[in-house]
There are 2 protein chains.
Amino acid sequence: MEKEIELFRGELKKIHLRVTSQRLKIVEAFLKTEKHITCDELYLIVRRNHPDIGYTTVYRTLKLIQETGLAREADLGDKVLRLEHEFGHKHHDHLICLKCGRFFEVFDPDIELLQEKLARKHKFNPIRHKMDIFGYCQKCSLKQ
Amino acid sequence: MEKEIELFRGELKKIHLRVTSQRLKIVEAFLKTEKHITCDELYLIVRRNHPDIGYTTVYRTLKLIQETGLAREADLGDKVLRLEHEFGHKHHDHLICLKCGRFFEVFDPDIELLQEKLARKHKFNPIRHKMDIFGYCQKCSLKQ
DNA sequence: AGTATAATTGAAAATGAATTTCAATTTCAA
DNA sequence: TTGAAATTGAAATTCATTTTCAATTATACT
């Protein structure tokens, strides 16, 4: 976690923003979380230990966390902003269960390659992509 | 378009909903549109010819259009509900330009196959998926 | 240290799309 | 024809996100 915090400090300084105690507390809370957290959820966590940090500050810090590269947006299909850890985490796609809502992170280099080819075929310069497969996880498939 | 409207009528009757003039006008307007329309946009179109149809009715009819299978949700990454024609249109993925916002519909059977395999490998039963590749289209790549 | 400057904070308000409420109206089926 | 049920549209509500603003705090520069 030290590395991430150092990165955060450095990036803030680069753009002449201040490393405040609130921001540090929020980043630390974020780094400790499981993935795909919403702003609201993070606010509730932060508030437990630091009741005087407001929602707005959490929201704004979450934006900074994105900008510094520590997190990326994870769209799970509901229309809520979710962030997942980015630093030291490789790109992956999602299998999302339509019944229980759980999701699994997966990666397939062959698909990645074909995606690149597909884009090129259309004279398109790909930067990033998002692939979510919806269906039923093993447990929910059995229950049905 | 006749076929689609017949389907709509039939589906409504199945669930004991009424085929009203408002609903028909909204469906017709939807069927005439280009793809990936928002509720707001459709409302504005409908209002041109039928000023007495309200936003709420358009919104509710859009839900019905989805339920009857004439449209599917198209998530373009902004958090706005967009619908695209479904009936008679094959599944496809999107190339979305980060600069001009235009998008292109693409399809690659090899990727589809690998997606299926990937899911199976994780004991996951896939139902549908969403794949969006973000980047720069040819025109915007040149301009950069 | 003292001061001017700039950034930060958090409450509250604003925004904007999605959704619900409700009273009035319309349609359907018997 | 009439009672029950569905539909409509304006307005209100919800909910996440984003902005505003006045007060506070930190920083840089004498």
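All values below come from the heavy atoms of this structure, side chains included, with hydrogens, waters and symmetry mates left out. By convention in this document, chain letters (A, B, ...) are assigned in the order of the sequence lines, proteins followed by strands, and residues within each chain are numbered from 1.
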Measure from the ring center of B:His94 to the ring center of B:Phe134 and say whether it is less than 6.0 Å. no
Atom-to-atom span, NE2 of A:His16 to C1' of C:dT5 - whole angstrom: 15 Å
For B:Arg60, which contact category applies under a 4.0 Å heavy-atom criterion: base, sugar-phosphate, or nothing? base
Above 12 or not: heavy atoms from other molecules or residues under 6.0 Å from NZ of A:Lys13? no
Starting at the 5' end of DNA chain C, which residue's closest nucleotide do you reach first, B:Val80 or A:Leu17? A:Leu17
Give A:Asp52 one of three labels, base, sugar-phosphate or nothing, depending on what nucleic acid heavy atoms sit under 4.0 Å from its own. sugar-phosphate
In the hydrophobic cluster built from side-chain contacts under 4.5 Å, what are the other members alongside A:Leu118? A:Leu95, A:Phe104, A:Val106, A:Ile111, A:Leu114, A:Phe124, A:Met131, A:Ile133, B:Leu95, B:Phe104, B:Val106, B:Ile111, B:Leu114, B:Leu118, B:Phe124, B:Met131, B:Ile133
Do B:Glu6 and B:Arg9 meet the salt-bridge criterion of a basic N to acidic O distance under 4.0 Å? yes
Heavy atoms under 4.0 Å, any strand shown: does B:Lys13 hit a base, just sugar-phosphate, or nothing? nothing
Starting at OH of A:Tyr55 and ending at P of C:dA13, how long is that distance when rounded to a whole Å? 17 Å
Nearest heavy atom decides the nucleotide; on that basis, is B:Ser21 or B:Lys79 closer to the 5' end of DNA chain D? B:Ser21
d(CD, B:Glu41; P, C:dG16) in whole Å: 15 Å
Between A:Glu41 and A:Thr38 (side chain of the first, backbone of the second, donor and acceptor by atom type, cut-off under 3.5 Å), is there such a pair? yes
Please check if any side-chain donor atom of A:His91 sits under 3.5 Å from a side-chain acceptor atom of A:Glu112, or the reverse. yes
Would you classify B:Thr20 as touching base, sugar-phosphate or nothing, given that sugar-phosphate means primed atoms plus P, OP1 and OP2, and contacts are heavy atoms under 4.0 Å? sugar-phosphate
Stepwise side-chain contact (heavy atoms from CB on, under 4.5 Å) test for B:Gln22 and B:Val27: CA-CA 9 Å; B:Gln22 287 98 328; B:Val27 177; over 6 Å; no
Mind checking which nucleotides bracket the chain A contacts on DNA chain D, 5' to 3', with an atom under 4.0 Å from a heavy atom? D:dA16 to D:dT27
Name the pairing partner of C:dA30, where a pair is Watson-Crick or G-U wobble with both distances under 3.5 Å, or state none. D:dT1
Round to the nearest Å and state the distance from A:Ile15 atom CD1 to C:dA6 atom P. 18 Å
Gap between atoms OH and C1', on A:Tyr59 and C:dA13 respectively (whole Å): 15 Å
B:Ile53 CD1 - C:dT26 P separation (whole Å): 14 Å
B:Arg18 or B:Leu81, whichever maps to the more 5' nucleotide of DNA chain C: B:Leu81
To the nearest angstrom, how far is B:Leu44 atom CG from C:dG16 atom C1'? 14 Å
